[in-house]
Structures are given as C-alpha cells and as structure tokens.
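Computed from a predicted model, the values in this text were never measured in an experiment. All residue numbers in this chain count up from 1 along the given sequence. Atoms considered below: every heavy atom in the structure, side chains included; atoms not considered: hydrogens, waters and symmetry mates.
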Amino acid sequence: MEWSLESVREMVAGGMQSIRECEICAFAIAMCVLLLFMWYCYRVGREHGSSPLRGRYLAGSGRIGGVVGGFMSSDCRGRGKGKHGSILEEQNGFAFCQSSECFRCTSAGESLNQRLYHSLQDYAKRYTWSGMGRVHKGVRDQGRYLNSRPTIQRPEVFFLPDLPSAPFFSREVQRHDVELLEQSFPALLAEFESIYHQPPARSGSSLPPGWKANNTPRGQWWTYYLVNQGTPLVLNVRRCPRAWRVLGQLRTFIANNVFGNACFSVLTPGALITEHYGPTNVRLRCHLGLRVPPSCELVVGGEPQCWSEGSCLLFDDSFLHRAFHEGSPEDGPRVVFMVDLWHPNVAAAERQALDYIFTPGRLEDKEGK
C-alpha cells in the first residue's frame, strides 16, 4: 500500500464515519435500556409504591379502607361476616370491623390455605421463586403447622417455619428502630396527651374521637390506631403527625400487610387482657412505655416482664400472652406506643413476598360474598 496525503484523508474520513455510526448505535441501545427501565419502575410502582406509608396516606380520601387489627374483641368477631365489604367505620370513637377479609374474623381452613398458595404462585410468576423456600414450605403445610404447634406458641393465621423463637427478644435485634422510638419518647408522649384529653366524641360517651374500646373481663382497654392491619386510619393520622413521621422513619415497621399495626394502647387500673395468641410469628411486637405505674406486667410464654417509661420491650406475640394493671386508681393508666416490626430472621425477599401475599384485601374469599 502506497501512503499519500489523499489515502490518509480517506482513512481518517472512514474512521470518523465509523465512529459516528457507533455513536448512533450506542445511543439507540442506551435509549432502549432507559425505556425498559422506566417500564419496569412503572410496573413495580403500581404494585408497591416507593413510600408505602406516605403514599397510602396521601391517596386516602374521606373513605378509610381496611379492617380492625391487633387482638380482636368478640364484638369484632360477631360483625366480621357482614355484607358491608372491607370498610372501617369510625363512629363515636369506636371502630367496628365489618369485613370478611379480617383474619381474626375468618375461620382458618382449607379455603384460606388454597388462597395463600394461589397468591404465592401469582407472586412467583410476577417476580421470582428465589429465596421462597421457607415461605413455600410454610404455605404448603400451613394447616399442619397451625394444628400441631405446642400450646405455648400457636399463631392463629400464618406460621413461617425455621424461625428462631423466644417469648422476648433483645433490643439489639432491631437496634435502629428501638433507638429511634426511644429518642421520640417526648414527642410521642406529648401527642398521646393531646388526643387522650380531648372531649368525648359525643354526649354519653367516655372516649375521645378516634379511640376504640376493646372487650376485657375487667377494667378498660382502649386503643388509638394509626395503622390497623396494614391500613392507615386517615383521621387518626391527621391528629398525630409526629407519630406518623416516626413510623415513616422506621426501617422494619410492617407497613404493607395485614400483620402490621401501630397504635397507642391504654390500660386503666384493674384492667386485664386475657391470654391470647397473635396471628403470626413473622413479626415482633414492640411496646414503647409512655406511662408505666407500679403493678403493671406483661406475661409472654409464661415469662413476666415489666414496662419502663422511655424504653422498648420486644416480644413475639404468637406466644400465649396476657397483660394486666393491678395498680390503684390514683396510679393512673398504663400507656404504651405499640408497633409491629419484622422478625429479624425474615429475609428481605421473604418480606417482599409476604407483603404481596398478605396485602389487605388480597386474600378475600370472593365466593363467600
């Protein structure tokens, strides 16, 4: 090949043209990748939302969807089979469950097991089976697990196998959230005072707006829910902006499924909460003591513990547990701020699957309506 100025110019021109063609090709590929990424974000966003607590609160209007969570009273059990759909009504300070999708009002059995399995299959088709070993095992053998559990620990709805279990857990297992709650003690106590000392919702009622009375054999047990079985109560949230902000900062709060609750809980002197089980072992219930007079105690799995003002107590409420306040009227009520946190040994992939399976309303038995 003979080198000349003209041949060099032709080589340079050809090289520049090749570079331009490569740039166009690379740009086209980058745009395709970007469009695919945007489509994926849209799909995921529709299912979960980037900020479940804030998104669901802002999306709420006058209607408050959901069901009453936590330990259900006999009044709730009697109303759970109504024809009113999944609506939570706030009337005169009481919350009445009228939903057949409330797990405490739904009889466990083959129907629920089948719905759990179909929801898990749907999740795996949309996302992945990776990391679903324990969840699949739990869903597949749920009836056997619930019926064969020892009486000391017997969750009423869902048991995830192979989780370390104990009545009480060290604060270190959820250190970030425990420290955040304890740092928020003054704000939460002040917000409790503001909602507790409101005038009654109506004449003849002893409860301020938003409070719910639970059945107890003696004494009074009142709860003020911000999140009830995974559903924010919009009216209550508006009255407690600081508590809502704290919930949004927690890393392990169960915000997306029916096992997640957050509330202020009040026991009057002489009150007793009888022995009962929680719905699942995938969560730890956290109590931040706000007001703790003497002679108040929580017994979980036969082990007694006392609350302390400004400190958190972590326990697995799938164990048989009860609480009582044996103080005098002069001692005043026992008050805790209660939140449900993930069990530390439930992996991130399992949490995502359980959020999907137990999204409020997903397991509704449409044939029963």
Short side-chain to backbone donor-acceptor contact, E193 and L189, under 3.5 Å: no

side-chain hydrogen bond (donor to acceptor under 3.5 Å, both in side chains) partners for H136, two or more places apart: Y117

Separation between CZ of R175 and SG of C312, rounded to the nearest 0.5 Å: 13.5 Å

Heavy-atom donor-acceptor pair, E350 side chain to G133 backbone, under 3.5 Å: no

Side-chain donor/acceptor pairs under 3.5 Å, residues 325-334, sequence neighbours excluded:
residue	atom	partner	partner atom	Å
H325	ND1	G327	N	3.1
H325	NE2	G332	O	2.8
S328	OG	E330	OE1	3.1
S328	OG	D331	OD2	3.3
D331	OD2	S328	N	2.8
R334	NH2	S265	O	3.1
R334	NH2	S265	OG	3.0

Under 3.5 Å side-chain donor-acceptor pair for Y277 and Q153: no

Option among F337, F168, F315 that satisfies the ring pair (Phe, Tyr, Trp, His ring centres under 6.0 Å) test with H287: F315

Y196 and W222 aromatic ring geometry - parallel, tilted or perpendicular at 30°/60° bounds: tilted

Donor-acceptor side-chain pairing of N257 and T359 below 3.5 angstrom: no

Donor + acceptor pair across side chains of N214, T223 (<3.5 Å): yes

Side chain E275, main chain H321, donor-acceptor under 3.5 Å: no

R239 side chain to I195 backbone, donor-acceptor under 3.5 Å: no

hydrophobic_cluster_shared for L313 and M338, side chain cutoff 4.5 Å: no

ILVMFWY cluster, I254 and I357 together (side-chain gap under 4.5 Å): yes

For N345, all residues meeting side-chain hydrogen bond (donor to acceptor under 3.5 Å, both in side chains), sequence neighbours excluded: none

